[in-house]
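Only one structure is covered here, and it is reproduced in the block below.
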Number of protein chains: 2
Amino acid sequence: MLDEYSASDKVLLALDCIIFGFDKEELKILLIKRDFEPEKGKWSLIGGFLKKEENLDEAADRILKKLTGLNNVYLEQLHSYSKIDRDPVERTISVAYYALINIEEHNEKLIDQYGAKWFSISEAPGLIFDHDTMVKHAISRLRYKTSKEPVGFELLPPKFTMKQLQTLYECILDEKLDKRNFINKINAMDILVKLDEKDMSSSRKGSFLYNYDQKKYLANKAKGFDFKI
Amino acid sequence: MLDEYSASDKVLLALDCIIFGFDKEELKILLIKRDFEPEKGKWSLIGGFLKKEENLDEAADRILKKLTGLNNVYLEQLHSYSKIDRDPVERTISVAYYALINIEEHNEKLIDQYGAKWFSISEAPGLIFDHDTMVKHAISRLRYKTSKEPVGFELLPPKFTMKQLQTLYECILDEKLDKRNFINKINAMDILVKLDEKDMSSSRKGSFLYNYDQKKYLANKAKGFDFKI
DNA sequence: ATATTTAAGTGTTAAGTTTACACTTCAAAT
DNA sequence: ATTTGAAGTGTAAACTTAACACTTAAATAT
């Protein structure tokens, strides 16, 4: 440190969460209608302020739980935003997190209570402050990660079909994928467990359900999904 | 936001910079010996506090310039660190940035004045607070990026040889690379300009110098160095 | 002048990966 | 028994990556 502590200005430290969900057809984000000033009545990310007794990850967990009722959610710190007038009331730095949740599991009552709503990412309204930038960054981070290694199983229910997984990837990457190649590649990665159970809702034949196996995933990740220059 | 502004606690917002350099053989980081309490006399990253009139990127620029004399340095926000007692004096959140600089260009006098020193990353001393964690994350980020797409030209002088570039990649990735394959791959990427000039210092024959062409790089990056799942 | 030295510079082949592509199977419904 | 419609499956060609060793250029020494 080159400065003295005393010469410095304290700031409010906010957190904002980009909450992704996937409803079998589309990638969605959860937004709330602000019920206080400034920008009351406008749509925004869910957020809050860091408290004395918690670190950022804990604060993100707390904020997410408050709105969705969910614990142990996949949460990743995205970026810190610091434009001087980003919040018109007071100098506020915001640390953005993004969450991947299974859209079937969140608590509907809580969401109603906070006036929250799921929006498909293409149809989301304009957001307050710099939240649109945050969402853009989060999507681009999710897309980047997905193009480099398999991620996003947190967005699916624990049991899912290959079709669902493929559709999820198509949504995130925003491009069509070849069914046979997709299945071959996923199988080659050896990160799924095929169950003895079928989802009969999508066809007469039914389609086998799979579990994501995190242990296998981590083992294979260590061996390297990635490429070398 | 779910909380009221008033219910929140303000914090000190620090920045810490992991400054990478490359001295033709090794990847290095620039550290300073703290000349004030707490932890006076111990090695640390260069840091400072965010000021009222600047955003985080500007603060990182300012802090970096103060120590190295350099402007327009490659700087990227890494992560924010928030463990409650990470700074024993006062609750402080630190946003870490990492910088890639051409080690030949920094201002030696400034560095001496601040008691700063370059350490090879394998021989760096233990650092104060959570700075070791920050360094570990920065290296891992740099390595990850390097394994996915060509980066790090900022660590070399504007004119460099293929050998230097290869050595840099070998240092970052921590593995030996095949000379012919490396050159073929870099050439195929079409991001360098071969100059009519040789570096005669390393051999009797001399080796051609190259320029990194950022325009070409960005054009090719858009076309996609990356892979698809 | 000639020979020696030493890093720079160069290309091919085999192995592996990715892509493109279409028919069969299964279970339910009629 | 037949129809229906999504699920499930394999191969060959194109492309990419990996492994590998000799020639060239310029300076230095003789």
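Each chain gets a letter, A, B and so on, in the order its sequence line appears, and its residues count up from 1. Fair warning: this is a prediction, and the values are worked out from it, not measured in the lab.
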| request: From the options D/dC20, C/dG9, D/dG8, select the nucleotide whose nearest atom is closest to the side chain of B/Lys205. | output: C/dG9

| message | Please report the distance, rounded to the nearest Å, between CE in A/Met162 and P in D/dA7. | response | 12 Å

| said: It should be established whether B/Ser207 places a side-chain nitrogen or oxygen under 4.0 Å from OP1 or OP2 of nucleotide C/dG9. | reply: no

| query | More 5' along DNA chain D: A/Asn181 or A/Ser203, using each one's nearest nucleotide? | reply | A/Ser203

| message | Under 4.0 Å, heavy atoms only, any strand: does A/Lys198 hit a base, just the sugar-phosphate, or nothing? | response | sugar-phosphate

| Whole-Å distance between C/dT6 P and B/Asp199 CG? | 18 Å

| Side chain of A/Arg204: nearest nucleotide among C/dA29, D/dT9, D/dA19? | C/dA29

| What is the distance from NZ of B/Lys24 to C1' of C/dA7, rounded to the nearest Å? | 16 Å

| Please give, in whole Å, the distance from D/dG10 P to A/Phe182 CZ? | 18 Å

| said: If I take atom CD1 in residue B/Ile183 and atom P in nucleotide D/dT17, what distance separates them, rounded to the nearest angstrom? | reply: 17 Å

| field | Whole-Å distance separating the NZ atom of A/Lys179 from the C1' atom of C/dT18 | value | 19 Å

| remark: By nearest-nucleotide position on DNA chain C, the 5'-leaning member of A/Asn184 and B/Tyr210 is B/Tyr210

| Atom pair distance, as rounded to whole Å: CD1 in B/Ile186 and P in D/dA18 | 14 Å

| Centroid-to-centroid, B/Tyr81 to B/His137, below 6.0 Å? | yes

| said: Below the 4.0 Å mark, does C/dT18 have OP1 or OP2 next to a side-chain nitrogen or oxygen of A/Lys185? | reply: yes

| task | Drop me the distance from A/Asn187's CG to A/Tyr210's OH, to the nearest 0.5 angstrom. | result | 5.5 Å

| Do the rings of A/Phe153 and A/Tyr212 sit parallel, tilted or perpendicular, given the 30° and 60° boundaries? | parallel

| remark: Which of D/dC20, D/dA6, D/dT9 is nearest the side chain of B/Arg180? It is D/dC20

| Taking NZ, NE, NH1 and NH2 as the nitrogens, is one of them in A/Glu175 or A/Arg143 under 4.0 Å from a carboxylate oxygen of the other? | no

| remark: The residue among A/Lys176, A/Lys179, A/Lys24 that forms salt bridge (charged side-chain N to carboxylate O under 4.0 Å, His left out) with A/Glu170 is A/Lys176

| task | Specify the separation, in whole Å, of atom CZ of B/Phe208 and atom P of D/dA25. | result | 10 Å

